[in-house]
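Written below as structure tokens is the structure these notes are about.
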Amino acid sequence: MIKREIKRVLAKRLEELNYELDRDDIDVEEPSNEEFGDFASNIALELGSEGDLPPRELANSIANGIESELFSRITVAGPGFVNFHLKKDFLLKGLSQLVGSSDPLGQSSVNEKETIQIEFVSSNPTGPLTVGHCRQAVLGDVLAALYRALGYEVETEYYFNDEGRQMDILARTLWARYRQALGKEVEFPEDGYKGDYLVDIGEDIASEHGDTYSSWDDETADFFKRVGLEEMMARIKEDLDLLGVQFDSWFRESKLHEEGKVEEVLSALDERDGTYKEDGALWLKAEEEGAPKDVVLVKSNGDPTYLLPDIAYHLNKLDRGYDRALVLLGADHQRHVDNMKAALRVLGFPGDFYQVLINQFVSLSNEGEVKRMSTRAGEFVTLKSLVEDLGKDVVRYFMAARKPESHLEFDYELAKKESMDNPVYYLQYAHTRIASIFEKSEYAALEGDFPLEGVDLTELGEDEEIELIKKLDKFPEIVEIAAADYGPHHLVSYGENLASIFHQFYNKYKVLTDDEGISRARLALCKGVQLVLKELLKLLGVSAPKKM
RNA sequence: GCGCCCGUAGCUCAGUGGAUGAGAGCGACGGAUUGCGGAUCCGUAGGUCGGGGGUUCGAAUCCUCCCGGGCGCACCA
């Protein structure tokens with residue numbers, strides 16, 4: 001990574017000038033105007049505004065004092081920017097490292113031993129997964145891949161409520177569907193789940209068990225609760241499989257109750273003076289800890305609200321020894337986050353343990369009509385139908401393409417109709433083109449690393465080639481940013497940009513020419529692009545085909 | 001009313017805790033191939049970065065107010 005090397009050089013020079021700075025405090029940017037060099041730093045402006053030297057003078061003494069083989073020249077411009085013009089050798093070194101090692105992330109500065117747990121989707125087994133869950137599933141899956149790629153130890157987990165009121169309603173609804181399948185008159189539960197998915201399961205039960213469960217009693221309730229849970233969870237797993245999302249761990253809420261963790265956390269909150277009784281309910285003093293309002297932990301009927309077991313769950317996460325627990329939640333859970341943070345503060349959790357990524361909703365427009373998603377009303381587009389219609393690659397790419405905190409408008413008809421114009425194909429096409437070139441080249445039979453012996457990279461020098469080399473060098477940084485920012489979309493933006501430059505290059509220059517030297521150098525460059533594209537698509541969970 | 005998020009080209013959106021002339025894709029219009037895959041490339045048109053104020057050498061980016069949209073403000077999850 002060139003930028004890091006420049007920071008190192010700058011830090012060293014600043015030390016000579018008696019400024020004590022961490023490398024991370026130095027900003028190095030890529031100026032939009034090439035007149036200002038390949039890279040630029042504003043460090044003299046930042047230091048100058050508080051220091052003894054005016055920015056411009058400081059910039060001059062920084063620039064004049066740097067002796068390095070890496071730069072063709074270092075200039076000072078504007079109010080005090082230090083502009084670095086790179087020598088080609090410096091750029092080529094990066095390319096040869098990338099291609100020589102076949103490791104697009106070899107230059108990453110992050111090599112954490114930290115462990116991170118990522119919880120996402122966590123939908124309760126009362127209905128099929130929808131497009132909303134789909135977005136979160138992709139975001140969580142890609143984030144997990146990003147952190148793994150950076151060397152973190154990652155565990156993904158799905159948390160679900162397997163008992164309580166919702167499961168009761170599920171059981172009653174399922175029983176009603178079962179009775180209906182048998183042709184019996186039965187009253188549909190008031191809060192029942194209206195979707196068709198329970199009709200199918202009810203029919204299956206009817207054909208297998210006949211009229212065995214004719215009345216609603218404890219035995220019937222237990223049976224329908226158990227079968228309902230099993231069937232719904234099985235469907236959820238199937239759906240996630242379709243998307244290519246697999247969890248390392250599944251955590252059921254009832255485990256917390258069985259192990260007495262809920263009571264434990266309650267008394268812990270109590271001991272720390274975090275609760276009080278009012279109107280027969282037990283409240284958390286959330287407002288004292290920054291939440292908008294206090295909130296009920298235990299209802300007056302003795303049942304816990306869902307906040308309480310969730311606090312216990314996070315105590316469990318802490319006990320399991322993760323350094324960080326990231327939770328992905330939909331925008332409607334903002335209040336819950338405030339409450340959780342308050343509770344965890346009462347319990348004295350490490351400040352940065354509980355991390356939340358709130359993602360905004362997906363709106364699905366269909367021929368100008370915006371569809372509302374409601375599980376209870378039985379109106380939604382399922383994850384399954386989306387993937388079946390558009391394919392895993394397109395769905396994953398689209399879901400990852402937007403900033404999580406932005407609304408995602410998914411035009412179903414358009415995505416389906418014009419799928420061939422989708423940017424995902426643009427990236428894959430670049431990868432395919434390179435594969436195709438290699439098949440026609442002297443390296444057609446090549447397996448494993450590209451041999452750089454006898455390849456003279458200094459043959460490279462056209463604008464597009466230099467641009468590509470710089471872009472490739474930036475990839476590790478993009479991965480770090482995407483992880484740190486919890487923003488998989490950075491990969492997408494970068495990828496489209498890289499593919500674009502590659503297509504420009506491809507259109508303007510031939511890779512396979514009569515000149516063996518140029519051909520080999522360009523093939524090495526293509527190999528670099530291919531390595532990065534492949535890794536990027538892998539992180540997104542999108543295939544990188546050799547033929548399309 | 002209060003809290004969180006969003007407001008950038010006709011549409012969908014990038015723009016990493018500020019940095020030297022506002023970008024991409026789609027759509028519109030006009031071009032490029034007897035050549036490594038045209039699922040590509042080149043060009044044109046299109047924006048007072050929702051609006052006002054503030055901080056600064058410098059603001060799409062930070063602060064504040066206003067407008068517009070989404071979500072939340074349950075002893076539901």
Side-chain angles (χ1 to χ4, degrees), chain A residues 27 29 31-33 35-36 40-42 45-46 48-49 54-56 77-81 83 122-124 126 161 164-166 191 278-283 291-293 295-307 310 330-338 358-361 363 365 398 401-411 414 418-426 428-430 432-441 477-478 480-482 484-485 487 489-490 492-494 496-497 499-500 502-513 519 522-523 526 547-548:
Chain A
D27 275 337
E29 304 290 334
S32 50
N33 189 338
E35 190 188 321
F36 300 122
S41 178
N42 63 349
L45 286 163
E46 288 195 348
S49 59
R56 241 199 103 113
F81 290 96
N83 296 326
S122 292
S123 167
N124 281 336
T126 55
N161 183 347
R165 205 173 84 88
Q166 283 194 70
D191 299 330
E278 192 174 290
D279 300 331
L282 189 74
W283 295 70
K293 274 187 194 178
V295 61
V296 170
L297 290 168
V298 182
K299 303 183 229 173
S300 51
N301 68 2
D303 291 342
T305 61
Y306 101 120
L307 175 63
D310 209 24
D332 51 341
H333 284 67
Q334 179 59 47
R335 175 57 57 87
H336 179 65
V337 175
D338 293 336
I358 295 272
N359 64 283
Q360 294 295 322
F361 290 151
S363 61
S365 57
F398 268 68
R402 303 283 177 248
K403 220 177 8 185
E405 56 268 30
S406 287
H407 293 268
L408 172 63
E409 184 170 319
F410 202 112
D411 191 326
L414 195 73
E418 303 191 347
S419 61
M420 280 318 213
D421 291 329
N422 275 332
V424 61
Y425 296 106
Y426 186 82
Q428 290 178 324
Y429 188 53
T432 300
R433 268 185 156 170
I434 295 170
S436 178
I437 295 170
F438 269 90
E439 272 186 26
K440 293 190 164 56
S441 77
E477 185 191 350
I478 295 296
E480 288 169 18
I481 289 170
D485 193 36
H489 68 285
H490 288 113
V492 171
S493 305
Y494 169 87
E496 288 180 10
N497 202 227
S500 170
F502 172 74
H503 285 310
Q504 284 170 43
F505 159 76
Y506 178 92
N507 250 271
K508 199 161 167 185
Y509 303 101
K510 265 185 85 87
V511 174
L512 303 175
T513 67
S519 300
R522 287 187 177 157
L523 279 163
C526 285
K547 287 189 173 146
M548 296 172 66

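Sequence lines set the chain letters: A, B, ... in the order given, protein chains first and strands last, and positions in each chain run from 1. Computation of the quantities below employed the complete heavy-atom set of this structure, encompassing side-chain atoms and omitting hydrogens, waters and symmetry-equivalent molecules.
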**Prompt:** When you compare B:rC49 with B:rA9, how far apart are their C1' atoms, in angstrom units rounded to a whole number?
**Reply:** 10 Å

**Message:** Any side-chain N or O of A:Lys293 below 4.0 angstrom from OP1/OP2 of B:rG72?
**Reply:** no

**Request:** Find out whether A:Asp191 and A:Arg165 are in side-chain contact, i.e. whether some heavy atom of one side chain is under 4.5 Å from a heavy atom of the other.
**Result:** yes

**Message:** Using Watson-Crick or G-U wobble geometry with both distances under 3.5 Å, which nucleotide pairs with B:rA14?
**Reply:** none

**Asked** Using purine N1 to pyrimidine N3 plus N6-O4 or O6-N4 for Watson-Crick, or N1-O2 and O6-N3 for G-U wobble, both under 3.5 Å, which nucleotide pairs with B:rG68?
**Response** B:rC6

**Message:** At 4.0 Å (heavy atoms only), tell me whether A:Lys510 reaches a base, stays on the sugar-phosphate, or touches nothing.
**Reply:** base

**Asked** Where the side chain of A:Asp332 is defined as all heavy atoms beyond and including C-beta, which of B:rC36, B:rG72, B:rC73 is the nearest nucleotide?
**Response** B:rG72

**Prompt:** So what does A:Thr305 touch, heavy atoms closer than 4.0 Å: a base, only the sugar-phosphate, or nothing?
**Reply:** sugar-phosphate

**Request:** Tell me which of A:Arg433 and A:Asp485 sits closer to the 5' end of RNA chain B, going by the nucleotide each one is nearest to.
**Result:** A:Asp485

**Prompt:** Taking the side chain of A:Arg402 as its heavy atoms from C-beta onward, which of B:rC13, B:rC41, B:rC71 lies nearest to it?
**Reply:** B:rC13

**Request:** Tell me the partner of B:rU44, counting only Watson-Crick (N1-N3 plus N6-O4 or O6-N4) or G-U wobble (N1-O2 and O6-N3) with both under 3.5 Å; none if nothing fits.
**Result:** B:rA28

**Prompt:** Nearest-Å distance, CG (A:Leu512) to P (B:rC36)?
**Reply:** 10 Å

**Asked** Rounding to a whole Å, what distance do you find between A:His489:NE2 and B:rU16:C1'?
**Response** 9 Å

**Message:** With rounding to the closest Å, how many angstrom separate the C1' atoms on B:rG37 and B:rU33?
**Reply:** 12 Å

**Distance in angstrom units between A:Glu496 CD and B:rU40 P, rounded** = 12 Å

**Message:** Roughly how many Å apart are B:rG46 and B:rG27, using the C1' atom of each and rounding to a whole number?
**Reply:** 11 Å

**Request:** Would you classify A:Thr432 as touching base, sugar-phosphate or nothing, given that sugar-phosphate means primed atoms plus P, OP1 and OP2, and contacts are heavy atoms under 4.0 Å?
**Result:** base

**Sugar-phosphate, base or nothing in reach of A:Ser493, heavy atoms under 4.0 Å** = sugar-phosphate

**Message:** Please classify the nucleic acid contact of A:Phe36 as base, sugar-phosphate, or nothing, using heavy-atom distances under 4.0 Å.
**Reply:** base

**Message:** Regarding A:Phe502, tell me which of base, sugar-phosphate or nothing describes its non-hydrogen contacts under 4.0 Å with the strands shown.
**Reply:** nothing

**Prompt:** How long is the gap from CG on A:Asp485 to CD on A:Glu405, to the nearest 0.5 Å?
**Reply:** 7.0 Å

**Message:** Please give the distance between the P atoms of B:rG72 and B:rU8 as a whole number of Å.
**Reply:** 23 Å

**Item:** Pairing partner of B:rC57 (Watson-Crick or G-U wobble, both distances under 3.5 Å)
**Value:** none

**Message:** Heavy atoms only, 4.0 Å cut-off, all strands: where does A:Asp27 land among base, sugar-phosphate and nothing?
**Reply:** nothing

**Item:** d(CG, A:Leu523; C1', B:rC36) in whole Å
**Value:** 9 Å

**Request:** Counting Watson-Crick and G-U wobble pairs only, both distances under 3.5 Å, name the nucleotide matched with B:rA22, or none.
**Result:** none

**Gap between atoms NE2 and P, on A:His407 and B:rA14 respectively (whole Å)** = 11 Å

**Message:** Taking only the C1' atom of each, what is the distance from B:rG50 to B:rG69 in whole angstrom?
**Reply:** 11 Å

**Request:** Measure the acute angle between the ring planes of A:His503 and A:Tyr426, then classify it against the limits of 30° and 60° as parallel, tilted or perpendicular.
**Result:** perpendicular

**Prompt:** Does B:rC73 have a Watson-Crick or wobble mate here (both distances under 3.5 Å), and if so which one?
**Reply:** B:rG1

**Request:** Under 4.0 Å between any heavy atoms, over every strand shown, what does A:Lys547 touch: base, sugar-phosphate, or nothing? Just pick one.
**Result:** base

**Asked** So what does A:Asp303 hit on the nucleic acid, given a heavy-atom distance under 4.0 Å: a base, only sugar-phosphate, or nothing?
**Response** nothing

**Complement of B:rG35, any strand, by Watson-Crick or G-U distances under 3.5 angstrom** = none

**Request:** Round to the nearest Å and state the distance from A:Tyr506 atom OH to B:rA39 atom C1'.
**Result:** 12 Å

**Asked** Just how far, in rounded Å, is P of B:rG15 from NZ of A:Lys403?
**Response** 5 Å

**Prompt:** If the P atom of B:rC57 is compared with that of B:rG1, how far apart are they to the nearest Å?
**Reply:** 37 Å

**Request:** Round to a whole Å and report the spacing from CD1 of A:Ile358 to P of B:rG72.
**Result:** 12 Å

**Message:** Is it the case that the side chains of A:Glu496 and A:Ser500 hold a donor-acceptor pair, with the cut-off being a distance below 3.5 Å and no angle test?
**Reply:** no

**Message:** Please verify the inter-ring angle class for A:Phe502 with A:Tyr506; under 30° counts as parallel, over 60° as perpendicular, anything in between as tilted.
**Reply:** tilted

**Complete:** Note: for A:Asn42 and A:Tyr306 on RNA chain B, the residue whose nearest nucleotide lies more 5' is A:Asn42

**Item:** Gap in Å between the two C1' atoms, one belonging to B:rA60 and one to B:rA19, rounded
**Value:** 13 Å

**Message:** So is the aromatic ring of A:Phe81 stacked onto the base of B:rU20, judging by whether the centres are under 5.5 Å apart and the planes are under 30° apart?
**Reply:** yes

**Item:** Interatomic distance at P, B:rC65 relative to B:rG3, whole Å
**Value:** 9 Å

